Participant: 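If you scroll down you'll find the structure; I have some questions about it.
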Amino acid sequence: MSETPDGRVSKHFIEQAIDADLASGRFDRVATRFPPEPNGYLHIGHAKSICLNFGLAQKYNGTCNLRFDDTNPAKEETEYVDSIMEDVRWLGFQWDNLHYASDYFDQLYLWAEQLIKDGKAYVCDLTGEQTREYRGTLTEPGRNSPFRDRTPEENLELFRAMRDGKFPDGARTLRAKIDMASPNFNLRDPVMYRILRAHHHRTGDKWCIYPMYDWAHGQSDSLENISFSICTLEFENHRPLYDWFCQNLKIHNPRQIEFARLNITYMVMSKRKLLQLVKEKHVKGWDDPRMPTISGLRRRGYTPESMRNFAADVGVAKFNSVIDIVRLENAVRDHLNRVAPRRMAVLDPLKLTITNWPKNADGSDVIEMTHAVNNPEDPDAGSREIPFSGSLLIEQEDFREEAPGKFFRLKKGGAVRLRAGYIVDCHDVVKDAGGKVVEVLCTYDPATKSGEDTSGRKVKGTIHWVSAAHAGEVEVRNYDRLFTIESPETPDGGKTFLDVINPESLQITKAWVEPSLVDAAVGDRVQFERLGYYCVDPDSAPGKPIFNRTVPLRDTWGKIEAKQG
RNA sequence: UGCCCGAUAGUGUAAUUGGCAACACGACAGAUUCUGACUCUGUUAUUCUAGGUUCAAGUCCUAGUCGGGCAGCCA
């Protein structure tokens, strides 16, 4: 739901469907569920689904369950279950009930016997390959399995034997008896159970037959009294089967509604590809800050609020869209701008010496504390004191010996304000043997101290700095997009997504930071003024923080420069 | 050559369900600024095409075009 300018509330198509079903009496409440398969870590696409399902429950004063769709023991692990629960909570949601599809295995088995007795399911001896051949093609109908007309008695006996482990893996299946000529493949006698000897993360070795998705999902929804079963577009063709099972079992029939999954430029979202990135060590793990996983984005410094805002921002529809990654970046900037304390850090230092700075009797610099606002967007954030001296570090790129008029920073013969400090005038530089500027020499204007400026001077630029003697030295990990092209899932020229990994997606560097930052705690988020938002990484040790760049600040000057070549 | 679904500024989402095509982001131009950030202002459309119904069509009908999905004992 969102507000239009004239105050009306606009609802997306799922909310409209819910309104209609509530009004018609088809359902009297909203019950949703988020049903991940625990075979990998959740990514931002799942976050959209989580926000949708839990969000709907909140808006309609209904309920939302978390249910693990754990019907394939070959792929599923407890590690993934734990990470999924952590991610859902971190996003800010609490499920009403926690379930596992595997909790329903007994009920599912009973229902299967019921369908067999009703003559609506049969045991099929076809091999996997034969099953495929019999299924037909896109343009030709399938053919009936030669085992399709077994009697309910025979089917029951064989099915129980399947359950009891009398047959090897893959030898037989239980199939629903629907219509081999249906234009919808899902209705061509879909497999309900396969024989599979694998240790299940919850049921152990109790079962050697496991239900297929279609046979487990809708029935699980039904058992939980779900009203709206929201899933992604690729399940649209499954809906007739979803309804067929509920109707033939004569059980509560939730309404399945499909929406388009989330795609974002410069990201891959398939679990298979993400698994590959992890397994082949192209990244450091599922929570590598370059991953689109919720845990990766969390480590990168994204906030739950920004991710929820992003999900709301991209909307819900049936159109298969690709969201520009800048919208995600914008969402986190927008939130962090409001909440992240400002700090100063210099990543690529250049020495700046103030030649007229006062000295103590012993020849050392006088140290003066200056007053800096913590967050101009948030008066409640207060202010802090930073040590200022005659020996500072500024950013290399903030100084040019000679520069065009549009360059507002420091140049020889020019002036600039040192943020929360003084205005300085540059009168000379010191170069090394190679002619590279290694130090800039300035004078400061005592009447221009930040907060008590009586000079009336105006300068065009303000730059950040740290006092050389007081700066803490820390590690900084500057992250960038993991891929070099917009659509890494489909690169040109026979390349794969692995060929378009951005070799510069992680740049480790040092930074010199204002003193308070040395004690930053894991998870702390700050804005390095004029650079970007940073978050303290779990790899940090006490007194040795490591800062991950969440996202850089928008850089208008960088754009202008790039354009001018 | 089958079935299902979709198509509205560059990108995404709206349009009181047949009544002046709007909002966000981006891009561009400008203002402001002790962060070239933030903020503010302006610019950015033959609603895929062709017919039809209607006083009136983005919305309804017909045909077409383009895009996505479907032939796992995966989910």
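Not measured: the values here are computed from a predicted model. Protein chains get the first letters and strands the later ones, always in sequence-line order, with residue 1 at the start of each.
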Participant: Can you tell if the side chain of A:Ile323 reaches within under 4.5 Å of the side chain of A:Leu262, non-hydrogen atoms only?
Facilitator: yes

Participant: How does RNA chain B look in dot-bracket notation if pairs are Watson-Crick or G-U with both distances under 3.5 Å, crossing ones as [ ], other-strand ones as |?
Facilitator: .((((((..((((.....[..))))((((((.......))))))...(((((..]....))))))))))).....

Participant: Output the single nucleotide from B:A27, B:C34, B:U11 whose closest atom is nearest the side chain of A:Thr462.
Facilitator: B:C34

Participant: Could you pull out all donor-acceptor pairs under 3.5 Å where a side-chain atom in residues 378-386 of chain A meets a protein atom, sequence neighbours excluded?
Facilitator:
| residue | atom | partner | partner atom | Å |
| --- | --- | --- | --- | --- |
| A:Asp378 | OD1 | A:Asp380 | N | 3.1 |
| A:Ser383 | OG | A:His371 | NE2 | 3.0 |
| A:Arg384 | NE | A:Glu514 | OE2 | 2.6 |
| A:Arg384 | NH1 | A:Arg342 | O | 3.2 |
| A:Arg384 | NH1 | A:Val373 | O | 3.3 |
| A:Arg384 | NH1 | A:Asn374 | OD1 | 3.0 |
| A:Arg384 | NH2 | A:Arg342 | O | 3.2 |
| A:Arg384 | NH2 | A:Glu514 | OE1 | 3.0 |
| A:Glu385 | OE2 | A:His371 | ND1 | 2.8 |

Participant: Centres of the A:Phe528 and A:Phe547 rings: under 6.0 Å?
Facilitator: yes

Participant: Please give the distance between the P atoms of B:G67 and B:U1 as a whole number of Å.
Facilitator: 14 Å

Participant: Which nucleotide in the list B:G26, B:G36, B:U35 gets nearest to the side chain of A:Arg419?
Facilitator: B:U35

Participant: Figure out the CD/C1' separation between A:Glu15 and B:U17, and round it to whole Å.
Facilitator: 16 Å

Participant: Report which part of the nucleic acid A:Val316 touches: base, sugar-phosphate, or nothing (heavy-atom distance under 4.0 Å, all strands).
Facilitator: sugar-phosphate

Participant: For B:G52, does the O4'-C1'-N9-C4 or O4'-C1'-N1-C2 angle fall within 90° of 0, making it syn, or is it anti?
Facilitator: anti

Participant: Which value, in whole Å, describes the distance between the C1' atoms of nucleotides B:C23 and B:U8?
Facilitator: 13 Å

Participant: Say you pick atom P in B:A9 and the same atom in B:U44; how far apart are they, in whole Å?
Facilitator: 15 Å

Participant: Does A:Tyr104 form a side-chain hydrogen bond (donor to acceptor under 3.5 Å, both in side chains) with A:Glu224? I'd like the steps, not just the answer.
Facilitator: CA-CA 10 Å; A:Tyr104 309 134; A:Glu224 291 175 25; 2.6 Å; yes

Participant: Measure from CZ on A:Arg417 to P on B:G36 and round the result to the nearest Å.
Facilitator: 13 Å

Participant: Please check if the distance between the ring centroids of A:Phe483 and A:Tyr266 is under 6.0 Å.
Facilitator: no

Participant: Does a side-chain N or O from A:Gln16 land closer than 4.0 Å to OP1 or OP2 of B:U16, or not?
Facilitator: no

Participant: So, is the end of the A:Arg172 side chain (NZ or CZ) under 6.0 Å from the ring centre of A:Phe167 and within 45° of the ring's axis?
Facilitator: yes

Participant: Assign A:Asn184 to base, sugar-phosphate, or nothing according to its heavy-atom contacts below 4.0 angstrom with the strands shown.
Facilitator: nothing

Participant: So which one's nearest nucleotide on RNA chain B is more toward 5', A:Leu138 or A:Gln527?
Facilitator: A:Leu138

Participant: For the C1' atoms, the ones on B:G36 and on B:A57, what distance do you get once it is rounded to whole angstrom?
Facilitator: 48 Å

Participant: Quick check, are the ring centers of A:Tyr80 and A:Tyr41 under 6.0 angstrom apart?
Facilitator: yes

Participant: From CG of A:Asp324 over to C1' of B:A24, roughly how many Å is that when rounded to an integer?
Facilitator: 13 Å

Participant: To the side chain of A:Ile323, which of B:A71, B:G12, B:U35 is closest?
Facilitator: B:G12

Participant: Report yes if at least one side-chain N or O of A:Arg338 is closer than 4.0 Å to OP1 or OP2 of B:C38; otherwise report no.
Facilitator: no

Participant: What integer distance in Å separates A:Leu328:CG from B:C25:P?
Facilitator: 15 Å

Participant: Given the P atoms of B:A24 and B:U62, what is the spacing between them in whole Å?
Facilitator: 37 Å

Participant: By nearest atom, which of the nucleotides B:A27, B:U17, B:U1 is closest to the A:Lys559 side chain?
Facilitator: B:A27

Participant: With a 4.0 Å limit, can you tell me whether A:Arg333 has a side-chain N or O closer than that to the phosphate oxygens OP1/OP2 of B:A37?
Facilitator: no

Participant: State whether A:Tyr242 and A:Arg239 meet the cation-pi test: NZ (Lys) or CZ (Arg) under 6.0 Å from the six-membered ring centroid, and within 45° of the perpendicular axis.
Facilitator: no

Participant: Passes side-chain contact (heavy atoms from CB on, under 4.5 Å), A:Ile44 versus A:Ile294? Steps please.
Facilitator: CA-CA 6 Å; A:Ile44 186 161; A:Ile294 295 177; 5.7 Å; no

Participant: Starting from P on B:G69, measure out to CD on A:Glu236 and report it in whole angstrom.
Facilitator: 13 Å

Participant: By nearest atom, which of the nucleotides B:U35, B:C38, B:U11 is closest to the A:Arg342 side chain?
Facilitator: B:U35

Participant: If the C1' atom of B:U11 is compared with that of B:C28, how far apart are they to the nearest Å?
Facilitator: 16 Å

Participant: Using nucleotides 73-75 of chain B, report all nitrogen or oxygen pairs with the protein that are shorter than 3.5 Å.
Facilitator:
| residue | atom | partner | partner atom | Å |
| --- | --- | --- | --- | --- |
| B:C73 | OP1 | A:Arg135 | NH2 | 3.1 |
| B:C73 | OP2 | A:Arg135 | NH1 | 3.0 |
| B:C73 | N3 | A:Gly170 | O | 3.1 |
| B:C73 | N4 | A:Leu126 | O | 2.6 |
| B:C73 | N4 | A:Gly128 | N | 3.2 |
| B:C73 | N4 | A:Gly170 | O | 3.2 |
| B:C74 | OP2 | A:Arg194 | NE | 2.9 |
| B:C74 | OP2 | A:Arg194 | NH2 | 2.9 |
| B:C74 | O3' | A:Arg194 | NH2 | 3.2 |
| B:C74 | O2' | A:Asn72 | ND2 | 3.0 |
| B:C74 | O2' | A:Lys75 | NZ | 3.4 |
| B:A75 | OP1 | A:Thr71 | OG1 | 2.7 |
| B:A75 | OP1 | A:Arg194 | NH1 | 3.2 |
| B:A75 | OP1 | A:Arg194 | NH2 | 3.1 |
| B:A75 | OP2 | A:Tyr213 | N | 2.9 |
| B:A75 | N6 | A:His238 | NE2 | 3.3 |

Participant: Using atom CG of A:Asp378 as one end and atom P of B:A37 as the other, report the distance to the nearest whole Å.
Facilitator: 21 Å

Participant: Using a 90° cut-off around 0 for syn, call B:U17 syn or anti.
Facilitator: syn

Participant: Select one nucleotide: of B:C70, B:C3, B:G36, the one nearest the side-chain heavy atoms of A:Phe185.
Facilitator: B:C70

Participant: For A:Phe319 and B:G6, say yes or no: do the ring centres fall under 5.5 Å of each other while the ring planes differ by less than 30°?
Facilitator: no

Participant: Rounding to the closest angstrom, what is the interatomic distance between B:C38 and B:U32 at atom C1'?
Facilitator: 11 Å

Participant: Please give, in whole Å, the distance from B:U35 P to A:Phe528 CZ?
Facilitator: 19 Å

Participant: Taking atom C1' in both B:A45 and B:A27, compute the distance separating them and give it to the nearest angstrom.
Facilitator: 16 Å

Participant: Using heavy-atom distances to pick each residue's nearest nucleotide on RNA chain B, tell me which of A:Gly421 and A:Val322 is more 5'.
Facilitator: A:Val322

Participant: What's the CZ-P distance between A:Phe310 and B:G26, to the nearest Å?
Facilitator: 13 Å

Participant: Decide whether a cation-pi geometry holds between A:Arg143 and A:Tyr134; the criteria are a distance under 6.0 Å from NZ or CZ to the six-membered ring centre and an angle within 45° of the ring axis.
Facilitator: yes

Participant: Let me see the working for A:Thr127 and A:Glu129 under side-chain hydrogen bond (donor to acceptor under 3.5 Å, both in side chains), right down to the final yes or no.
Facilitator: CA-CA 5 Å; A:Thr127 64; A:Glu129 198 176 329; 5.7 Å; no

Participant: Is the gap between the ring centers of A:Phe159 and A:Tyr193 under 6.0 Å?
Facilitator: yes

